[in-house]
Enquirer: 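Take this structure, written in structure tokens, and hold onto it; I'll ask about it next.
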Amino acid sequence: SQKIEQNSEALNIQEGKTATLTCNYTNYSPAYLQWYRQDPGRGPVFLLLIRENEKEKRKERLKVTFDTTLKQSLFHITASQPADSATYLCALEDSGNTPLVFGKGTRLSVIA
Amino acid sequence: DTEVTQTPKHLVMGMTNKKSLKCEQHMGHRAMYWYKQKAKKPPELMFVYSYEKLSINESVPSRFSPECPNSSLLNLHLHALQPEDSALYLCASSLQRATGGFTEAFFGQGTRLTVV
């Protein structure tokens, strides 16, 4: 069966450290993988997109890697701040013009 | 304008009521979506409209009825809902790639629906 797994339901880190979130998938062949941030009671906000032929993508303090052999994406937030506390969702587009499918998310808490 | 606007923000309705959720975007996106999200769960796709035509219906019960009056508007008509339908209903929009598939999605703030 198809699965998207974000291994940690919750992650607590100290302010200033790097947060690393993991997204693994099974029985998908995604052409693109995306990361979103969601705050409580709000809609998800797009952060980064990475293509299957890209190894790494960066945007300010954010970095995403994509390993199609391992079927895994890693999402890093460097120099984390309490304002980074939110749920981070991994989402992928499977081949064949399908819309986004989301993982369950990881709730990140950055402690001052 | 990079916003997707949803109204109302909150809705409480009885099981015999009929109500509608509304969604609007002016980004020129021709793909629009309804997602349902329960607490501590990921968004689940309900419907996709592509160029104002329903292209995906994820086996959603008929008490949910989508409508796309034009390229900027998306409605979700609700009738005879059950308490388990209480959730955050999210509208989203995106571009469609020339090579197929959809680009990143822009989400509205959602409508918090409570069925009593």
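Any value given below was found using the heavy atoms of this structure, including those in side chains, with hydrogens, waters and symmetry copies removed. Each chain gets a letter, A, B and so on, in the order the sequences are listed, and its residues count up from 1.
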Enquirer: Could you give me the CA-CA distance, side-chain angles and deciding distance for A/Glu93 and B/Arg97, then say whether side chain to side chain contact (heavy atoms under 4.5 Å, CB included) is met?
Expert: CA-CA 12 Å; A/Glu93 303 171 47; B/Arg97 296 193 181 88; 2.7 Å; yes

Enquirer: For A/Gln34 and B/Phe102, work out which heavy atoms get closest and say how close.
Expert: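 The pair with the smallest heavy-atom distance is NE2-O, 4.5 Å.
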
Enquirer: Only heavy atoms, only distances under 4.5 angstrom. Which residues in residues 37-59 of chain A are near chain B?
Expert: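 Contacts with chain B: A/Gln38, A/Gly41, A/Arg42, A/Gly43, A/Pro44, A/Phe46, A/Leu49.
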
Enquirer: Below 4.5 Å from any heavy atom of chain A, which atoms of B/Thr103 appear? Answer side chain, backbone, both or neither.
Expert: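 For B/Thr103, the backbone is the part near chain A, not the side chain.
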
Enquirer: What parts of residues 104-112 of chain A touch chain B if we use heavy atoms and a cut-off under 4.5 Å?
Expert: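 The list, in residue order, reads A/Lys104, A/Arg107.
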
Enquirer: Would a hydrophobic clustering, with Ile, Leu, Val, Met, Phe, Trp and Tyr connected at side-chain separations under 4.5 Å, put A/Leu92 with B/Leu95?
Expert: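 No.
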
Enquirer: With a 4.5 Å cut-off on heavy-atom pairs, point out which of A/Ile4, A/Thr87, A/Leu100 contacts chain B the most.
Expert: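 Highest number of heavy-atom pairs under 4.5 Å: A/Leu100.
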
Enquirer: Once rounded to the nearest 0.5 Å, what's the spacing between atom CD of B/Glu44 and atom CZ of A/Phe102?
Expert: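 Those atoms lie 11.5 Å apart.
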
Enquirer: Going only through I, L, V, M, F, W and Y residues with side-chain contacts under 4.5 Å, is there a path from A/Trp35 to A/Val101?
Expert: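 In one cluster with A/Trp35: A/Val101, yes.
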
Enquirer: Taking CD in A/Glu60 as the centre, count heavy atoms belonging to other residues, nucleotides or ligands within less than 6.0 Å. Is the count above 12?
Expert: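 12 or below, so no.
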
Enquirer: Hey, any chance B/Met32 and B/Trp34 share a hydrophobic cluster, counting ILVMFWY side chains that come within less than 4.5 Å of each other, even indirectly?
Expert: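 Same hydrophobic cluster.
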
Enquirer: Name the region of B/Gln37, side chain, backbone, both or neither, that has any atom closer than 4.5 Å to a heavy atom of chain A.
Expert: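 Contact with chain A is through the side chain of B/Gln37 alone.
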
Enquirer: Test of understanding: clusters of I, L, V, M, F, W, Y form through side-chain heavy atoms closer than 4.5 Å, transitively. Do B/Leu90 and B/Tyr33 belong to the same one?
Expert: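 Cluster IDs for B/Leu90 and B/Tyr33 match.
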
Enquirer: Using side-chain heavy atoms (C-beta onward) and a distance below 4.5 Å, is B/Pro43 in contact with A/Leu89?
Expert: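 The answer is yes, as the side chains (C-beta and beyond) meet within the 4.5 Å cut-off.
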
Enquirer: With the 4.5 Å side-chain cut-off for hydrophobic clustering, are A/Ile13 and A/Leu74 part of the same group?
Expert: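 No; tracing contacts between hydrophobic side chains, which count when under 4.5 Å, never links both residues.
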
